[in-house]
Amino acid sequence: MLITKQNNTTASLLTTSQSKQKICCGIIYSFILFFNLEIASAQNNITRSIIFQPYFGNDTLHLNDTLYQNGIALQIEAFKFYITGIELLKNERVVYTEKNSFHLLDVSEIKSLTIPITTPAKVKFDKIIFNLGIDSLTNVSGVYGGDLDPTKGMYWTWQNGYINFKLEGKSKVCNTQKNEFQFHVGGYQFPYNTIKSIVLAMNNKEIMTIRTDIKKLIEETDLSKQNQVMSPGAEALFLSEKMKNIFSIQ
Amino acid sequence: MKKVFVLILIASFIILSFKSSNDYQFVVPVKWPKPFYDFSKNNLSNKKIELGRALFYEPLLSRNNTISCSSCHSQFTAFTHIDHSLSHGIDDRIGKRNSPALMNLAWHNSLMWDGAINHLDMQALAPISNPDEMDEKIEHVVMKLQASKMYPSLFLNAFNDSIITGEHLLKSISQFLVTLVSSNSKYDSVMRQESDFTIQEKNGYKLFKTNCAECHTEPLFTNLKFEINGLPIDTILNDKGRMNVTHIPKDSLKFKVPTLRNIQFSYPYMHDGRFKKLSEVLTHYTEGFQGGVTLSPKLQKKIILSSNERVDLIAFLFTLTDRSFLFNKDYSYPKNIFFPKKKE
């Protein structure tokens with residue numbers, strides 16, 4: 001329908017002979033063509049969902065529930081993390097790169113745990129790659145909005161830089177005020193760069209579910225000794241190494 | 001058809017001319033290096049600069065709405081805090097350092113005495129959240145500004161959005177800060193061959209070039225690097241400077257080289273403001289080095305100055321005073337914004 005209408009318009013315009021008008025026609029024609037192409041390409045795209053499902057071992061993670069690790073009770077009170085740089089691969093070649101790929105996921109806000117991506121419908125892939133955390137270039141390039149806005153509570157101010165992930169909770173083994181543990185992990189400078197790349201096998205799915213099991217991190221840490229990490233350094237680096245293992249395919 | 005074409009042309013002219021009246025042209029002084037700040041990511045406009053200026057003087061940025069940026073960065077002292085060796089903030093709490101003078105910030109690739117902040121856009125977050133300075137949270141500042149009478153419309157004018165975000169808040173503060181350019185001292189006019197040094201100033205300039213210029217490099221009068229200048233550590237503050245940021249032992253006691261521009265008015269001197277007078281600073285560099293401190297390689301050669309030479313050097317340093325900067329009305333408290341004239 002749209003194409004015929006457009007052809008009629010251009011045809012009637014072309015009957016006039018003045019050159020200026022021809023230029024005008026040309027501009028209008030290319031605009032119409034451009035929008036047609038836009039519509040056409042939009043029709044060939046589909047929206048896929050990457051869903052991060054938080055677990056504690058075999059159970060779905062609910063904040064503030066009492067959980068058990070080796071018989072010792074603990075609670076997770078907050079869990080927030082940045083997922084960035086999403087790419088899809090086929091035979092080790094990148095077939096899709098998300099633009100402006102910065103997502104803040106917060107277990108207390110279920111909506112934030114689903115990342116919609118729009119890809120060409122035809123694209124075939126066998127792997128997904130993403131980062132846990134914010135790259136160093138973004139860390140040194142000034143202020144950004146959206147999920148990167150420093151008002152999101154994921155930013156250090158005394159020595160500026162993003163907090164890649166926050167995990168907060170309570171455990172009796174923590175000899176701290178209110179038995180709290182706080183892991184605020186970030187740092188973008190060598191040798192304490194804490195951004196981690198995660199690669200998972202993933203076959204052409206429209207809904208990609210990624211299991212996010214926080215027990216895998218808790219198992220690797222001794223909460224009685226390590227319970228306050230809030231600055232870049234060796235401890236943050238250790239936690240980021242363990243943290244990257246919490247992601248797997250359902 | 002012709003009419004439509006002409007109309008589009010007129011409309012685009014109007015849009016373009018409107019844009020240029022609001023745009024701010026950042027001028028790099030002759031022979032100065034290229035600024036570090038990336039203006040393409042934060043296009044300067046008069047409305048954003050004006051908003052940033054209001055925020056610079058805005059006490060709502062602090063927990064109890066008493067402290068603004070200007071509390072520790074007063075224009076007449078080259079935007080630093082005089083009279084106190086260590087700057088004081090909210091509830092008269094004493095900080096750990098003397099607030100740095102603010103000028104020519106578009107050329108700085110790091111901020112703070114230890115370079116803890118890597119970008120001008122993020123600088124304001126540090127004093128806002130520091131418990132000894134403003135003791136506030138950026139999220140809460142945004143809420144307070146949003147609830148205020150004047151800011152939603154100022155943000156709307158500047159960013160076409162009355163919803164205030166951290167991004168827009170910080171970008172507008174950066175916009176005001178980069179306009180604080182000091183490049184119009186007597187020294188600058190001599191360099192532009194518009195005036196001459198006195199014999200005393202000329203001799204002082206020579207001494208400066210021999211003894212000071214390696215760290216206080218022209219034209220910014222800082223090499224923007226971190227150096228150990230031989231100050232013995234204050235055992236109460238125990239401030240290790242750059243090492244606090246890098247965790248590298250060789251960075252212990254390194255501090256960022258401050259600019260010497262407007263030094264006549266930016267006393268007291270050094271990161272902890274331990275020297276009140278320039279003569280004390282010169283005494284430190286000529287005879288005050290403590291044994292056991294690893295000095296910057298640039299200070300290995302002993303500096304010897306006669307008493308006449310000291311006077312000459314200070315005479316030269318005074319030529320770095322830029323009154324058109326210190327008294328520039330574009331930088332001062334924006335009375336017209338805070339107390340607009342009532343329409344009669």
Side-chain angles (χ1 to χ4, degrees), chain A residues 9-10 12-29 31 100 102 104 134-163 186-193 230-237, chain B residues 1-6 8 36-42 96 109-112 114-134 136-143 145-146 159 161 163-174 242 244-248:
Chain A
T9 329
T10 44
S12 66
L13 286 172
L14 282 169
T15 52
T16 58
S17 58
Q18 282 175 353
S19 60
K20 269 184 192 167
Q21 282 182 336
K22 269 188 186 168
I23 295 168
C24 283
C25 298
I27 293 168
I28 292 166
Y29 184 71
F31 261 110
N100 289 322
F102 298 98
L104 176 58
I134 306 292
D135 62 285
S136 53
L137 184 65
T138 304
N139 263 296
V140 299
S141 302
V143 68
Y144 294 91
D147 278 1
L148 291 176
D149 194 304
T151 54
K152 301 283 177 188
M154 294 293 278
Y155 205 82
W156 278 315
T157 57
W158 40 273
Q159 176 179 337
N160 73 312
Y162 283 96
I163 298 168
Y188 61 90
Q189 278 170 313
F190 179 83
Y192 303 120
N193 190 350
M230 318 167 141
S231 61
E235 282 197 278
L237 192 64
Chain B
M1 204 61 228
K2 218 171 183 179
K3 270 183 190 167
V4 175
F5 191 70
V6 171
I8 290 170
F36 174 78
Y37 194 80
D38 184 354
F39 295 100
S40 70
K41 286 189 177 155
N42 189 11
K96 292 179 180 67
N109 50 10
S110 71
L111 299 123
M112 298 292 209
D114 53 12
I117 306 296
N118 66 31
H119 197 286
L120 188 59
D121 291 353
M122 298 314 197
Q123 170 58 36
L125 291 172
I128 288 171
S129 63
N130 188 316
D132 292 334
E133 297 181 47
M134 290 164 144
E136 181 55 290
K137 282 194 168 103
I138 183 74
E139 302 90 298
H140 196 232
V141 171
V142 167
M143 277 167 60
L145 296 176
Q146 193 75 65
F159 292 98
D161 192 352
I163 304 295
I164 301 171
T165 65
E167 181 193 11
H168 289 167
L169 170 76
L170 294 170
K171 277 190 167 165
S172 51
I173 293 177
S174 279
R242 183 69 179 154
N244 295 341
V245 177
T246 61
H247 305 297
I248 301 170

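Residue numbering restarts at 1 for every chain, and letters A, B, ... go by the order of the sequence lines.
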(message) Need one label for B/Lys171: side chain, backbone, both or neither, based on atoms under 4.5 Å from any heavy atom in chain A.
(response) both
(message) At a 4.5 Å cut-off on heavy atoms, which part of B/Val245 comes close to chain A: side chain, backbone, both, or neither?
(response) both
Would you compute the distance between atom [atom1] of [X] and atom [atom2] of [Y] and round it to the nearest 0.5 angstrom?
{"X": "A/Trp158", "Y": "B/Leu125", "atom1": "CH2", "atom2": "CG", "answer": "13.0 Å"}
{"X": "A/Asn139", "Y": "B/Asn118", "atom1": "CG", "atom2": "CG", "answer": "7.0 Å"}
{"X": "A/Tyr162", "Y": "B/Met122", "atom1": "OH", "atom2": "CE", "answer": "4.5 Å"}

Please report the shortest heavy-atom distance between [X] and [Y], naming the atom on each side.
{"X": "A/Pro232", "Y": "B/His247", "answer": "O-NE2, 3.6 Å"}
{"X": "B/Asn244", "Y": "A/Gln159", "answer": "O-OE1, 4.0 Å"}
{"X": "A/Pro150", "Y": "B/Leu170", "answer": "CG-CD1, 3.6 Å"}

(message) Can you tell me which of A/Val143, A/Val140, A/Thr151 forms the most heavy-atom pairs within a distance under 4.5 Å of chain B?
(response)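 Winner by heavy-atom pair count: A/Val143.
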(message) Can you tell me which portion of A/Ser231 sits under 4.5 Å from chain B's heavy atoms? Options are side chain, backbone, both or neither.
(response) neither
(message) Please classify the contact between A/Tyr188 and chain B as side chain, backbone, both or neither, with a heavy-atom cut-off of under 4.5 Å.
(response) side chain
(message) Less than 4.5 Å apart, side chain to side chain, heavy atoms only: is that true for A/Tyr144 and B/Lys41?
(response)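 The answer is yes, as the side chains (C-beta and beyond) meet within the 4.5 Å cut-off.
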